[in-house]
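Here's the structure we're looking at; comments come further down.
What you see is a predicted model; the values in this text were computed from it and never measured.
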Amino acid sequence: MDYQVVVLAAGQGRRMGAGTNKVLLDLAGTPVIVRTLRVFETDPMCSGIVLVTRADEADQFRTLVQHYHLAKVRAFAEGGKERQESVYSGLERLPQDPEMIVLIHDGARPFITHACIAKAVESAQEYGAALLAVPVKDTIKQAAQLKVEKTLERKSLWAAQTPQAFRLSVIREAHQQSAAVHFMGTDDASLVERLGMPVAVVEGSYRNIKLTTPEDLLIAQLFMEREEK
């Protein structure tokens, strides 16, 4: 079952404190974004990639795509001020087949696997929307003004990841209706949830981390070292 993917690389990455787009940082000799794109480039199910970048970095990303021979990157899209706007910009560059399965993935998650992708695609085909997630390990407190209000039941809590997978007609409608009322969700699945549509949870991997802080880079380096052994 084929799918296409929108890969987001237009973030600021302020928490990384690197002074540059975090997906352009080197990870064991290769830029993070290239490692992410290679996962989809080598996946037989992937028929195309839309890469969303900031306008002032577009040429830099185009050069990387050419240099590393990432042939499945079929289109580029300009990112918006908010992630949600960037996603919709990417969706607009896809072939407009309403039944097509589209994945939305953070460029800063280079450790996603073909196996996890396949599970998300299969679930989206069945339910219309699906997301990868892992059970929360920590005890989660709900608090206000630094005072605990209650302890949430951990066994029902999941930490959402990407890719999130959707039938194109479902995610386009969710984005369009959210934009019409200026609703900003925390992720794409939340836009679908807002419409009362089901979103399936597919268990992912704790290795599928998002590189957000300098500590995450240290963990990523450890993953790379173990893969090389």
Side-chain angles (χ1 to χ4, degrees), residues 4-43 46 49-58 60-65 67-68 70 72-73 75-91 102-117 120 131-134 158-165 184-190 202 204-227:
Q4 295 208 19
V5 58
V6 174
V7 176
L8 303 170
Q12 297 289 331
R14 293 187 181 92
R15 283 180 287 177
M16 185 63 72
T20 188
N21 190 331
K22 63 187 177 184
V23 300
L24 295 173
L25 294 175
D26 179 272
L27 182 58
T30 304
V32 170
I33 188 61
V34 172
R35 291 189 177 278
T36 301
L37 292 171
R38 276 178 173 168
V39 178
F40 298 101
E41 181 76 22
T42 58
D43 187 353
C46 179
I49 302 167
V50 176
L51 183 58
V52 184
T53 74
R54 298 207 307 266
D56 62 342
E57 294 179 335
Q60 193 170 356
F61 280 98
R62 289 178 186 275
T63 298
L64 285 175
V65 166
H67 178 75
Y68 287 96
L70 299 166
K72 288 185 180 179
V73 179
F76 289 80
E78 184 176 333
K81 292 182 179 179
E82 302 292 340
R83 181 186 186 279
Q84 195 164 308
E85 296 169 348
S86 294
V87 172
Y88 191 72
S89 178
L91 293 175
V102 56
L103 273 56
I104 300 167
H105 187 62
D106 297 320
R109 289 187 189 269
F111 297 108
I112 184 60
T113 65
H114 292 168
C116 283
I117 290 170
L131 62 84
L132 289 175
V134 290
W158 292 75
Q161 300 179 337
T162 68
Q164 298 187 354
M184 299 298 293
T186 54
D187 64 357
D188 298 285
S190 66
V202 178
S205 167
Y206 289 106
R207 288 175 60 90
N208 183 25
I209 63 172
K210 185 177 182 181
L211 305 184
T212 303
T213 67
E215 291 77 14
D216 295 328
L217 279 179
L218 295 176
I219 295 171
Q221 293 287 357
L222 179 61
F223 287 169
M224 297 299 301
E225 290 171 7
R226 289 186 174 180
E227 287 177 1

Under the ring pair (Phe, Tyr, Trp, His ring centres under 6.0 Å) test, residues paired with Tyr68 that sit two or more places apart: none

With sequence neighbours excluded, residues passing side-chain contact (heavy atoms from CB on, under 4.5 Å) with Leu222: Glu225, Arg226

Shortest non-hydrogen contact from Ala9 toward Val23: CB-CG2, 4.0 Å

Residues forming a salt bridge (charged side-chain N to carboxylate O under 4.0 Å, His left out) with Arg207, sequence neighbours excluded: Glu227

Ion pair check, Asp106 and Lys22, cut-off under 4.0 Å: no

Partner residues of Glu78 under the side-chain contact (heavy atoms from CB on, under 4.5 Å) criterion, sequence neighbours left out: Ala55

Nearest non-hydrogen partners of Asp187 and Ser190, listed with the distance: O-OG, 2.6 Å

Exercise: identify the closest heavy-atom pair between Ala133 and Ala160: CB-CA, 4.0 Å

For Ser89, side chain to side chain donor-acceptor pair (under 3.5 Å) partners two or more places apart: none

Contacts of Phe61 that satisfy ring pair (Phe, Tyr, Trp, His ring centres under 6.0 Å) - sequence neighbours left out: none

Qualifying residue, where the test is side chain to side chain contact (heavy atoms under 4.5 Å, CB included) with Phe111 and the options are Met224, Lys210, Arg35: Met224

Counterpart residues, side chain to side chain donor-acceptor pair (under 3.5 Å), relative to Asn208 (two or more places apart): Gln161

Residue pair Leu64 / Leu70, side-chain heavy-atom distance below 4.5 Å: no

Residues forming a salt bridge (charged side-chain N to carboxylate O under 4.0 Å, His left out) with Asp56, sequence neighbours excluded: Arg54

Pairwise side-chain contact, Val87 with Leu8, heavy-atom cut-off 4.5 Å (strictly under): yes

Test item: Arg62 and Leu51 side chains (from C-beta on) under 4.5 Å apart, heavy atoms: no

Pairing residues for Gln84 by the side-chain contact (heavy atoms from CB on, under 4.5 Å) criterion, not counting sequence neighbours: His175, Ser178, Met184, Leu191

Which residues share a side-chain contact (heavy atoms from CB on, under 4.5 Å) with Val39, sequence neighbours left out: Ile112, His114, Ile117

Nearest heavy atoms of Val5 and Cys46, plus distance in Å: CG1-SG, 4.0 Å

Contacts of Thr186 that satisfy side chain to side chain donor-acceptor pair (under 3.5 Å) - sequence neighbours left out: none

